[in-house]
J.: 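One structure, as structure tokens, below. Some questions next.
All chains are named by letter (A, B, ...) in the order of the sequence lines, taking the proteins before the strands, and each is independently numbered beginning at 1. All values below were derived from every heavy atom in this structure, side-chain atoms included, with hydrogens, water molecules and symmetry-related copies excluded.
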Amino acid sequence: MASRFSGALQLTDLDDFITPSQECIKPVKIEKTKSKTGAKIKIGEDGYFDLSTGQEQKLQKVEITLADCLACSGCITSAESVLVTRQSQEELLKVFSERKYSDTQGVTRDVTLIVISLSAQPTLSLAARYKLDPEEATRKLVGYFKSLGADLVLDMTVAEDLSLLEAQQEFLQRYQNHQHDPSTKQLPMLASSCPGWVCYAEKTHGNFILPYISSTKSPQQIMGSLVKRYLANKRELNPSEVYHVTFMPCYDKKLEASREDFYSEVLSCHDVDCVITAIELEQMLENSGRSLSENEDSNLDWPWDDSEGPGLKSHIGSGSGGYADHVFLYAAEHLFGETNAPLVYKNLRNPDFREVTLEKDGVEVLRFAIANGFRNIQNLVQKLKRGKSPYHYVEVMACPSGCLNGGAQVRPVRGESGRELVAQLQALYGRLPRARPAGSRLAKLLYADWLHGRDSDKSRALLHTAYHALERNDIALNIKW
Amino acid sequence: MAKLEMLQTLTGHKGIVWNASWHPLGKIFASCGEDKIIKLWNKEGEKWVMKTVLVDGHQRTIREVAWSPCGNFLASASFDGTTAIWDKKSGQFECNATLEGHENEVKSVAWSPSGQLLATCGRDKSVWVWEVAGDDEYVCEAVLNAHNQDVKKVAWHPSSDILASASYDNTVKLYKEDQLDSDWTCMATLHSHESTVWGLAFDKTGKRLATCSDDKTVKIWQEYNPDNQEGVIVTDRDAIWKCVCTLSGYHTRCIYDITWCHTSGLIATASGDDIIRVFKEADNSDPNAPEFDLICTKLNAHSQDVNCVQWNPSGNQELISCSDDGEIKIWKLIED
């Protein structure tokens, strides 16, 4: 395997420290003073030393940060092991015990408020793992986080609601723009809440596909803005003193949280500091020697001014948040006057590619799809490339079966098939109380109190984001025959 | 002993010839290489002549070509990341579909026995299964990320939709479709090679698989079903594959390709030591611990690495080979 690092690094095998991927092509800048004959490097017990200046100078390890990985086109998933350091259970436990964290700039910051935001999918995953009903699992989970030192444990229903409301609005706008000028890449609108999909689109298909991707932020990132901007402000805290952890069904959410788009120079912090997943939580519980059910009961917190009250909720439609269903129903009503449009999905080549249509006077006016899993993403992208996509909207998720089957959900136990487990989680999700984004009083309050109304500059700034194509740079040395 | 008699040397490619592939009837073959060109060769009288050149299908090296079982389609896998499908519906060969999706170099392509499925693999460590979905329409059925390194070769079982892949991670993996959700899963990982596995070939029953590697060995793997008579313990519902024979001490360099004749049962190998070797299962060989004898060693078969060998599917004992030296050779095995 050929190394792509500079000769000096290869010489000493310094690049051994690079763990992310043997294919990692991130160039490393070496600060060098003029040298006559090249560097002399000594390998000591505790590091590598440059001897060329006459005295031993300790060489720094090469560190590839998560941001490097995200900004690089070398590989898609190798960022994983970098995440181990910044967003690991160990890091989380350290923050709990020390009430300090070091930010991406390496500055150590004190933590005055630790907020945990729970999404439904991993909570259900744990409920199934420990054979608890979802409400009980939620209370135990809150109890566990509180025992570790969390100050607030919140559900994310309002962030999910806001994400759906914004997506509905965005679709209407795109549909209208498309009517005026079909050449502007407004449709199909592609869902943006799956970071695996977004990252793949940015790295592989760039500017061809990005204009189609919804600018609406995912629930995780909306929750991030809400906690770091609204909640911190209400509590008169500096946002960087608030450590915000989300509980998620997949590792890719860690990549999303680390995006520079979600880092504020002004607030000097990320909207989400750490993402912890179901499988990691199972590990944490195992390490603590306690089963989930052995934790104290505690209720979700409700720091908001509305009296609605907390609770994990589901949204109609897929277990990935119900994007296709919500946008479809809204568009049917607002574009075609169809209230209660029938949502009858038809499976295409496999159950992970389904579509639903709306007919008006015998003519098809809307065609939506849900495409889960990488193979269906491929087929969707190829359809788009060939100008053969018949869709107005596609809910795209990188995992087969969507977020309930997220890559970091607890694995099936011995003898249980993955399919059975997903079916069980789908049943549990369906039994959660239903959220109705359009009727959410808290969402309404936030639009009025925080976002200066719907469609305001502030809601556009805080509830939407942008995507960036990454230049591909293939180096000849990468080629293996 | 036996000997390989050279029938003809074919030149014309510029640079390395990576692969040559027989048409299912054995009267045409296709070749490809570094020059980004596919050449089609026909037999005229006793001689092979180049009849057609396919150009402009790929931007970079073409690593492998494969004919569909019906013989009407030719697939080509290229380092440009695409796989092209050629046919002559219009009267002459044209590229009418391109399979895109691999992140970078595609290393191998193979059609399933029904001709309804295609498999590709490459440097991005993935194996893809594509389904023929209609005229010039191919859809992705699966993206399999089971290997953790470059995947060198894919090959289908001769009669059922079981796929095998060989990788730089030293393993071979087998896959099949799960009917319930029409998704593909890896059902077996074959560990034993100590370096890159470059090639694989099933025997005509599909019960055995031969693999060749950079570790200079050939291994023969045998399938044992859960209810096998031999008493091999199978814990899962899927069959297990056991290495029942290792051929070592013959090749002095990496073995790049292997082919198993479905008529004669002979195995031929292509090696970096410029030699083509032919192996034959010994008479009275124990089915559960078979022995293979080296029956032919063709020294200096080519002047450089031999990249590919393939038996003529018609069973006429003809063997095709191609090499880094830019040449394609047609051989005939003469058994005493």
J.: According to ring-ring contact (aromatic ring centres under 6.0 Å, His included), who are the partners of B:W130, at least two apart in sequence or on a separate chain?
T.: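 By the ring-ring contact (aromatic ring centres under 6.0 Å, His included) rule, B:W130 matches B:W128.
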J.: Please round to the nearest 0.5 Å and tell me the distance separating atom CD1 of B:I328 and atom CG of B:N307.
T.: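 The CG atom of B:N307 is 11.0 Å from CD1 of B:I328, to the nearest 0.5 Å.
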J.: Please classify the contact between B:N145 and chain A as side chain, backbone, both or neither, with a heavy-atom cut-off of under 4.5 Å.
T.: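 For B:N145, no heavy atom lies under 4.5 Å from chain A.
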J.: Answer yes or no: is there a donor N or O on one side and an acceptor on the other, between the side chain of A:E420 and the main chain of A:S417, under 3.5 Å?
T.: yes
J.: Excluding sequence neighbours, so at least two apart, what forms salt bridge (Lys or Arg N to Asp or Glu O under 4.0 Å) with B:E137?
T.: A:K388
J.: Is it the backbone or the side chain of B:E131 that comes under 4.5 Å from a heavy atom of chain A, or both, or neither?
T.: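 For B:E131, side-chain heavy atoms alone lie under 4.5 Å from chain A.
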J.: Please flag which part of B:T98 lies under 4.5 Å from any non-hydrogen atom of chain A: side chain, backbone, both or neither.
T.: backbone
